[in-house]
Protein chains: 2
Amino acid sequence: MPSHVPQSQTVKVKDVAREAGVAVGTVSRVLNDHPAVTRELRERVERAMAQLGYEVDVTAQSMRAGRSRLVACAIRDFDIPRFALFIKEAEAVLREAGYTLLLASTTNRPEVEIALLRAFRRRRVDGVMMTLSDEQHRDVRAALSEAPMPVLLIDRDRIDALDRVTADHREGARLATSHLLGLGHRRIAMLVGDLKAFPSRSRLEGFRAACAAAGIAPDPRLLRDDVLSSEDAYRATASLVSLAEPPTALFVAAMDTLGGCLRALRTMGLAVGDGISVVAGSDSDLAELYTPPITAIAWDLAAMGRHAATMLLERMRGDEIERGRGLTVPTELIIRGSSQPLAI
Amino acid sequence: MPSHVPQSQTVKVKDVAREAGVAVGTVSRVLNDHPAVTRELRERVERAMAQLGYEVDVTAQSMRAGRSRLVACAIRDFDIPRFALFIKEAEAVLREAGYTLLLASTTNRPEVEIALLRAFRRRRVDGVMMTLSDEQHRDVRAALSEAPMPVLLIDRDRIDALDRVTADHREGARLATSHLLGLGHRRIAMLVGDLKAFPSRSRLEGFRAACAAAGIAPDPRLLRDDVLSSEDAYRATASLVSLAEPPTALFVAAMDTLGGCLRALRTMGLAVGDGISVVAGSDSDLAELYTPPITAIAWDLAAMGRHAATMLLERMRGDEIERGRGLTVPTELIIRGSSQPLAI
DNA sequence: CGGAGTCAATGAACCGGTTCATCTGCGTTT
DNA sequence: AAACGCAGATGAACCGGTTCATTGACTCCG
């Protein structure tokens, strides 16, 4: 005999309690799998919940508990195909643990990063994973240190107090550069993103380390930083190959910008491989299937996503762990046909 | 003279009210830009808020208001590079309007879709945009019709009551097929995704319409459906070209699966262009820069994302609009070198 | 000059759960 | 038989905002 409940207005714990003939506290305990409920009452409550089509109100739970079971992920631009892998894996891990993912784009601007941190705390978000445009930015650092919830940095470092998941870009760039130097290249142009952030900074370090090891002083005119998009890479490539003394190799180290570089070369009537060697800073279908296939640095973004989520979960659980743990996934160089010995 | 407020525990409206010497209701009105507050009091309250470093608790607001200012986006798999564009634009529009984006992956399974809808209503999410694995699925349809918040379908149709944003895949496929037929191809293989969902269904319709218009009966053995990933495309391509009577053209209509197809061809020692023509169902850097460049169907996913967000905002605002509005972005065929006249 | 009308400001009740001090009933101990 | 212990159930208070009926001050007009 189903009691008549107005289907229009939502069913609340009170209604369930009345239907099951128990106190609201008991309904709450059933909802939260509290052990001190007899099987009989538990079943009666569950029956009542099914009967009435009850659904908890997570906002009410959040308010009382002071936490939302939300995890925010803010990255500079989702429009980076490989980042989708990171997010996908992180979301899967978080959902498994009962968390929901909030997504926002920082557009790589400090003000937005700060505003987002504020928005996240207003929402009582339980944890944050994010990129930063500049780890040294005063206001951003202040905002981070005031954040009441754990924050994990995605491919960023230099903030000791925070956990981070990074890729070993330094080693990747070192390998790529040594490879080109080994092929006889001396005029190697490098395209990197924003040097204020970890990935580009460490790629440049790796590049310089390889040059130093080979006893070579890189030509500063062949360095292009602030290459963040495919369009930037197009312009940088076009300007590089137009130099009086053009480079013999291009190291397109910025993420997902290979397309712009190749487009520029094609436009300028240049072919990769014989005239000019190319190494990509991140792997892709394009790198693999281009003619010739492009030598590229690869690392496991899916693993980064999983690790980021797992580390953040541990931190949110409040486990007693040392602050500022870092996890680095290795990079490897996949040598393909686009990097050829220097033609004499 | 800043009052001494225990920095440890959070500041609440009550504290702000006390500091400013006003009632809590007044603080709330200031927070919500209610017009009936004198400038003097408004300023006093704002000063107090700044003084105490006050931050509203959005969970408390959500609970009282019954809405969360969250919009959920659930798609089958974020690991589809071009979808990132959709999400990016949608997020920008929603954030502008004060909403935060929740993200989840349906993994293209009806149970997950239903579970997510339930999770979203529990969170008092204000609106949902999602893909469906199968528009005709009974339980999914039931879950959708019971959803208390507006739901917008992403590239899906057949549910009259819901708003939707689609691409004109039928026309794209028709154009591509006519193009191949015009080049003399008669044995055209088609790789599509799940025919239970709109995009693949309408691509197949377009394909068939073009064949019918040319008076040609397509060979059913050349159709491969359920191609959802690059790996699926690899297998489908390998099996197609191994047929006794292989196709002379491949229409890789499924989204972002071109890589798998090209990888298979390369493995089988086939070259695109002379031996076999290829048309891709979605454009990409790979299609544009491959040798030969791949003829592809293109449409504006960024615009789809913007429109989806805008339509959902209108609906959430409760505007009096007819139910089930549909917006279709056009598709175009970009003809490149991979589609060549049939060699005789 | 008094009554009606207007506009700000007030603060108690409310949103829908969870928590915890308190109570109940039953078995154990002495 | 009285005292005790304890598991299980109860329900009022609470989380931190918003809402709205009410109050108070002030203006306008006959």
Handout entry: d(CG, B/D57; C1', C/dC15) in whole Å
Key = 13 Å
Completion exercise
Rounded to whole Å, the NZ-P distance (A/K14 to D/dT10) equals 16 Å
Fill in the blank from the handout: Atom CZ of A/R18 and atom C1' of C/dG17 are separated, to the nearest Å, by 16 Å
Practice task
Starting from the 5' end of DNA chain C, give me the residue, B/R124 or B/P35, whose nearest nucleotide shows up first.
Solution key: B/P35
Problem - Phosphate OP1/OP2 of C/dA8 contacted by B/T38 side-chain N/O (<4.0 Å) - result: no
Exercise for the section: Can you measure from CG (A/L132) to CE (A/M130) and round to the nearest 0.5 angstrom? Expected result: 5.0 Å
Handout entry: Check: B/R109 side chain, B/T106 main-chain N or O, donor-acceptor pair, under 3.5 Å
Key = no
Exercise for the section: Considering just the side-chain nitrogens and oxygens of A/T26, establish if one lies under 4.0 Å of OP1 or OP2 belonging to D/dT10. Expected result: yes
Practice task
Check side chain to side chain donor-acceptor pair (under 3.5 Å) between B/T26 and all other residues, then give those that pass, not counting sequence neighbours.
Solution key: none
Practice task
Report which part of the nucleic acid A/V37 touches: base, sugar-phosphate, or nothing (heavy-atom distance under 4.0 Å, all strands).
Solution key: sugar-phosphate
Exercise for the section: Identify whether any heavy atom of A/V22 sits under 4.0 Å from a base atom; if not, whether one sits that close to sugar-phosphate; answer base, sugar-phosphate or nothing. Expected result: sugar-phosphate
Completion exercise
For nucleotides 18-23 of chain D, 5' to 3', base contacts (B), sugar-phosphate-only contacts (S) and non-contacts (-) with protein non-hydrogen atoms under 4.0 Å give BB----
Problem - Check: B/E135 main-chain N/O paired with B/R158 side-chain donor or acceptor under 3.5 Å - result: no
Practice task
Check the pair B/S68 / A/T59 against side chain to side chain donor-acceptor pair (under 3.5 Å), numbers first and verdict last.
Solution key: CA-CA 8 Å; B/S68 58; A/T59 60; over 6 Å; no
Handout entry: Angle of first-five versus last-five pair axes in the helix from C/dC1-D/dG30 to C/dT30-D/dA1, to 10 degrees
Key = 50°
Problem - Between P of D/dG17 and CG of B/L52, the distance in whole Å - result: 12 Å
Problem - A/F198 six-ring face occupied by A/R156 cation (under 6.0 Å, within 45°) - result: no
Practice task
Could you tell me whether the side chain of B/D126 and the main chain of B/R69 form a donor-acceptor pair under 3.5 Å?
Solution key: yes
Exercise for the section: Whole angstrom is fine here: how far is it from CD in B/E40 over to P in C/dA8? Expected result: 14 Å
Practice task
Take the protein atom CZ of B/R123 and the nucleotide atom P of C/dG17, then report the distance between them rounded to whole Å.
Solution key: 14 Å
Completion exercise
Rounded to whole Å, CZ of B/R44 lies from C1' of C/dA9 at a distance of 11 Å
Practice task
Determine, step by step, whether B/R123 and A/T100 satisfy the side chain to side chain donor-acceptor pair (under 3.5 Å) criterion, reporting the C-alpha distance in whole Å, the side-chain angles of both residues, the deciding distance to 0.1 Å, and the verdict.
Solution key: CA-CA 10 Å; B/R123 283 209 180 271; A/T100 305; 3.2 Å; yes
Practice task
May I have the distance from B/M63 (atom CE) to C/dC14 (atom P), rounded to whole angstrom?
Solution key: 13 Å
Practice task
Would you confirm whether A/N32, through its side chain, and A/S28, through its main-chain N or O, come within 3.5 Å as a donor-acceptor pair?
Solution key: yes
